[in-house]
There are 2 protein chains.
Amino acid sequence: MAKQHELREKGLRLTPQRELVLQAVRELGHATPEEVAEKVRSTHPGINLSTVYRNLETLENVGLVLHTHLGHGGATYHAAEELTHLHLVCSVCGSIGDAPIDTAANFVNTLADDYGFKTDVTHFAIYGTCQKCSK
Amino acid sequence: MAKQHELREKGLRLTPQRELVLQAVRELGHATPEEVAEKVRSTHPGINLSTVYRNLETLENVGLVLHTHLGHGGATYHAAEELTHLHLVCSVCGSIGDAPIDTAANFVNTLADDYGFKTDVTHFAIYGTCQKCSK
DNA sequence: ATTGCTTTTGCAATTTGTTCGCAGGTATTA
DNA sequence: TAATACCTGCGAACAAATTGCAAAAGCAAT
């Protein structure tokens, strides 16, 4: 059996737009739909914003990308395999820092043990003030 | 010296709309701007949605109310004195549970010690699956 | 009370972010 | 290569939040 493309393995059609959206998400790290569209358009100007939205949704449904809320407004998208860190969003300068997911391990365990709540710790931002801004 | 109204103490003018917005936030616990407007309109139909938005912003600037992000879309507002708990938002049923703020104390300390990041733990929701939905 | 200055409000229009309907185009399977 | 889903582009529709402006109202000093 021939090697399947990752999109086809998930039961999706292999369209240029879809591959470009996935590639853009992977290259950008964190990105809003708007940013993804802009990235894709830098090489393929014709792509429509709705197509980006639809593909992000589709790719999320099959588990290749995920979204996170970093505060106001829109979600930001990540490649699923890269979402291995917390987001430390600074309320002053808006910077987005990273911390290993293990930093929250005890917190997550406590919520599970005490409240039966299974925390998806990557889905929300950690809000606060970064080192630079708290001086 | 006569007792000042709490709004005047903050240097704000005392308008009926402003008092009503603050009162609504206090009575509702968590509320979106839309919900605040609805509450206020139940007794004072004329109030405009922009007025609610502007007053929420003003009241937040002087520290009487705060907002929290519970996921998609809009912020939800709280009276400043009531924001003493974490919000456990269930991704399945949408319910909003509470947990004492101390639950996150170790987590917050770790972020401060290791990253110099001062976490505002009430500003973001804790996303996951509640006990009921994870069965 | 009245005056005058400043803030606040209501309203309508605008901006921004996201979704939808539909007609034409394209990937896939047989 | 023909049939048939599925996908895309496009514009319209939507929703949420913001803004400009003129009228109204709060406040301090007369």
Side-chain angles (χ1 to χ4, degrees), chain A residues 1-25 30-41 43-62 64-65 67-77 94, chain B residues 1-25 30-38 40-41 43-62 64-65 67-77:
Chain A
M1 170 170 170
K3 181 172 182 296
Q4 287 273 358
H5 188 284
E6 61 181 332
L7 291 175
R8 305 232 43 225
E9 282 177 348
K10 303 286 186 174
L12 300 179
R13 288 197 181 169
L14 200 53
T15 69
Q17 294 90 334
R18 189 162 283 165
E19 289 189 277
L20 287 164
V21 167
L22 179 54
Q23 185 190 337
V25 169
H30 329 102
T32 62
E34 200 62 59
E35 288 164 347
V36 171
E38 204 172 321
K39 173 84 176 170
V40 173
R41 283 178 182 145
T43 55
H44 296 73
I47 201 168
N48 195 278
L49 187 54
S50 324
T51 302
V52 173
Y53 274 98
R54 284 185 287 222
N55 275 320
L56 288 172
E57 188 184 346
T58 304
L59 292 170
E60 185 156 28
N61 286 338
V62 300
L64 289 170
V65 308
H67 77 270
T68 300
H69 297 281
L70 299 184
H72 286 274
T76 67
Y77 287 83
Chain B
M1 170 170 172
K3 182 172 182 294
Q4 286 271 357
H5 188 284
E6 64 182 328
L7 292 174
R8 305 234 42 224
E9 281 177 349
K10 303 286 187 175
L12 299 178
R13 286 195 182 172
L14 199 53
T15 69
Q17 293 89 336
R18 190 161 283 164
E19 289 190 276
L20 287 164
V21 167
L22 179 55
Q23 185 189 338
V25 169
H30 327 103
T32 62
E34 200 62 59
E35 289 163 346
V36 172
E38 204 173 320
V40 173
R41 283 178 182 145
T43 54
H44 295 72
I47 201 167
N48 195 278
L49 187 53
S50 329
T51 301
V52 173
Y53 274 100
R54 285 186 285 221
N55 274 319
L56 288 171
E57 189 184 345
T58 303
L59 292 170
E60 184 155 29
N61 286 339
V62 299
L64 289 171
V65 309
H67 76 270
T68 302
H69 296 281
L70 298 184
H72 286 275
T76 67
Y77 287 82

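Numbered from 1 within each chain, the chains take letters A, B, ... in sequence-line order. Because only heavy atoms are used, hydrogens play no part in the values below, and waters and symmetry mates are left out as well, while side chains stay in.
Across the protein-nucleic acid pair, B/Tyr53 atom OH and C/dT15 atom C1' stand 13 Å apart, rounded to whole Å. Rounded to an integer number of Å, the gap from B/Leu59 CG to C/dT7 P is 17 Å. Remark: C1' of C/dG17 and CD of A/Glu35 are 13 Å apart, rounded to the nearest angstrom. Protein atom CD1 of B/Ile47 is 7 Å distant from nucleotide atom P of C/dT9, rounded to whole Å. Distance B/Leu49 CG to C/dA13 P: 16 Å, rounded to the nearest Å. With rounding to whole Å, B/Leu56 atom CG is found 15 Å from C/dT8 atom C1'. Protein atom NE2 of A/His67 is 13 Å distant from nucleotide atom C1' of C/dT18, rounded to whole Å.
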Once base and sugar-phosphate atoms are separated, protein heavy atoms under 4.0 Å mark nucleotides 20-30 of chain C, 5' to 3', with B, S and - as BB----BBSS-

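Between the CD atom in A/Glu6 and the CG atom in A/Leu12 there is a gap of 10.0 Å [rounded to 0.5 Å].
Closest approach of A/Val25 and A/Val65 over heavy atoms only: CG1-CG1, 4.0 Å. For the residue pair A/Leu7 and A/Leu59, the shortest heavy atom distance occurs at CD2-CD2, 3.7 Å. Considering every non-hydrogen atom in both B/Ala75 and B/Pro33, the closest pair reads O-CD, 3.6 Å. The two residues B/Ala37 and B/Ile47 come nearest to each other via the heavy atoms O-CG2, 4.5 Å.
Remark on DNA chain D: of its neighbouring residues B/Gly74 and A/Val52, the 5'-side contact belongs to A/Val52, judged by nearest-heavy-atom nucleotide.
For A/Glu38, the side-chain contact (heavy atoms from CB on, under 4.5 Å) criterion is met by no residue, not counting sequence neighbours. Remark: B/Arg18 engages B/Asn55 in a side chain to side chain donor-acceptor pair (under 3.5 Å) (not counting sequence neighbours). Under the rule for a side chain to side chain donor-acceptor pair (under 3.5 Å), B/Glu57 has no partner lying at least two apart in sequence or in another chain. Not a single side chain to side chain donor-acceptor pair (under 3.5 Å) links A/Asn61 to another residue, sequence neighbours left out. By the ring-ring contact (aromatic ring centres under 6.0 Å, His included) test, A/His30 is found to be paired with A/His78, A/His87, residues two or more places apart in sequence or in another chain being considered. With sequence neighbours excluded, the residues forming a side chain to side chain donor-acceptor pair (under 3.5 Å) with B/Glu19 are B/His5, listed by chain and number.
Contact footprint of chain A on DNA chain D: nucleotides with an atom under 4.0 Å from a non-hydrogen protein atom, first to last in 5' to 3' order, D/dA5 to D/dG11.
In this model, the phosphate group of C/dT9 is approached by a side-chain N or O of B/Asn55 to a distance below 4.0 Å at OP1 or OP2.
For the helix from C/dA1-D/dT30 to C/dA30-D/dT1, the angle separating the two terminal helix axes comes to 30°, with each axis derived from five pairs and the value rounded to 10°.
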